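Take a look at the structure set out below.
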Amino acid sequence: MNLKDKQVLVVGAGRSGLAAVKRLKAMGARVKLTDRQGPDKLKDVYEVGLTGGQLILGRTPEWDEVRSEIIVLSPGVSPALPFIQVGISQGAQIWSEVELALRDHPAFKIGVTGTNGKTTTTTLIGELAKITGRPTLVAGNIGVALSDQVGELNEQGIVVAELSSFQLEHIDSLRMNVGILLNMTPDHLDRHGTIENYLAAKARIFENQRAEDCAILNWDDTHVRELAPHLKGRVIFFSPTTFLGNGYSVQGDELVFAENGKLTPIMNRCELQLRGNHNLENILASIAAVRELGLSWKQIVQGLREFKGVEHRQEVVGTYDGILFINDSKGTNPDAAEKALYAFAEPIVLIAGGKNKGLDFHDFMKIVKEQVKSLVLVGAAADEMEIAAQDVGIQHYLRAKTFEEAVELAIAEAKPGDVVLLSPACTSWDMFKSYEERGEFFKELVRRHYREPILK
């Protein structure tokens, strides 16, 4: 990939945008960077070495002042912006930051996408991949920009990338040696418009695969399963609910692999530290992926026994006065939050709300009515959630004006033996910069309430 002296525009000065600028500069490209936020909110922007007319901040530019051959689009930026549309009409290519980072990269590349479970699966595959002894990078939508790290890897390296629909929407020749599509439920419809468009963006993870590559698909998800005949790579199915004669599934309480009539028991699910049936999806997909790296069953089982999960995904904050506090801030859509609700047998006090992504909450509230003892609503979507709660017959719910108040109300509602669960079913962008910031604040508020020292 030769970008020397090419004019490239990076749109968005967040983590991935700044990483893209640094990589482009190292490759000799002529770079401009634009962001609608002003420099007062972009304190790191001057650390990438751009000055003067190379920076257009605090406004939306005209195409003539940023004219480029390639536009590198940060995940949160809509391609519908007028200057980007003009650029496309004049022949500019749009790349996501992951295209820039991994295009033609020699490392073995494993990509993970889907509506839910991406971070857990990506992290688990990364931990198992390290057992090979090969240099392993876990990055992408998981909080580490790929462009910042991939330069250190060669053909012996392994990249495990969490890939969102926004990142996959603008790939070009990016090829995944192993691509995983975990599941598909409505999400980001404010960006994609329809579930069909959303699926099409996700399915691009397989677009440039070859016959020797591998596509790992969820048998239980009809949207996902029906992609199989159209894919170029070898298809491997997994299912946590249906025994598969060929693929990875569960028989009784045993995780198993079947191939051409031969059944291989892997391990009993009671040996796993991850709770919830939904995590079996993540685990089975991870096993399928790392078998492609040549790991033995013994190595895989040992790695699975040791894996405790990821931050902000059903993360145990602690037990105080007999109440278990769980941080599931990464539950940013109703389907993810539903999975968290089903993971606990104890009475649940749920904190939900945030910024909606164009989704309906009625089906979610039906699950809340069945599974939740007390509901605390907060954030921009609280009105929509309240209407849905009333429509399905939920009698008892509370409204909070601030996130701090929401946590205090939840604590007041809880009794010994209960679970206080933050699983918002919404993004954090109305109150916080990220779901990580929301989750960290939740943990801090809980510990502050119980006068436990805050660990930084």
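Since we're looking at a predicted model, the values are computed, not measured. Side chains are part of it too, since the values below use all heavy atoms of this structure and drop only hydrogens, waters and symmetry mates.
Note that OG1 of T264 and CZ of R291 are 7.5 Å apart. Values are rounded to the nearest 0.5 Å.
N116 and N183 are not linked by any side-chain donor-acceptor pair at a separation below 3.5 angstrom, with hydrogens and angles left out of the test. Remark: the K130 side chain and the T136 side chain contain no N/O donor-acceptor pair separated by less than 3.5 Å. For the residue pair E413 / S374, a side-chain donor-acceptor distance below 3.5 Å is found, with atom types taken as modelled.
Electrostatic pairing of R399 and D383 counts as a salt bridge here, judged by a charged N lying under 4.0 Å from a carboxylate O. Salt-bridge formation is not detected for the pair K339/E281: no Lys NZ or Arg NE/NH1/NH2 atom is positioned less than 4.0 Å from an Asp or Glu carboxylate oxygen. A salt bridge between E259 and K262 is absent, with no side-chain N of the basic residue lying under 4.0 Å from a carboxylate O of the acidic one.
Aromatic ring orientation, F257 versus W297: tilted (interplanar angle from 30° to 60°). In this pair, F325 and Y450 present their aromatic rings perpendicular. The plane angle is above 60°, beyond the 30 to 60° band.
Considering all non-hydrogen atoms of both residues, G157 and R134 come closest at O-NH2, 3.7 Å.
Side-chain atoms of T427 come within 3.5 Å of backbone atoms of K355 as a donor-acceptor pair (strictly under, hydrogens ignored). Looking at K109, its side chain does come within 3.5 Å of a backbone N or O of A107 through a donor-acceptor pair. No donor-acceptor distance shorter than 3.5 angstrom exists from the side chain of K330 to the backbone of G439, with no hydrogens or angles considered.
Applying the salt bridge (charged side-chain N to carboxylate O under 4.0 Å, His left out) rule to pairs touching residues 216-234 yields R234-E292, sequence neighbours excluded.
Side-chain contact between R175 and D213 is present, with heavy atoms from C-beta onward closer than 4.5 Å.
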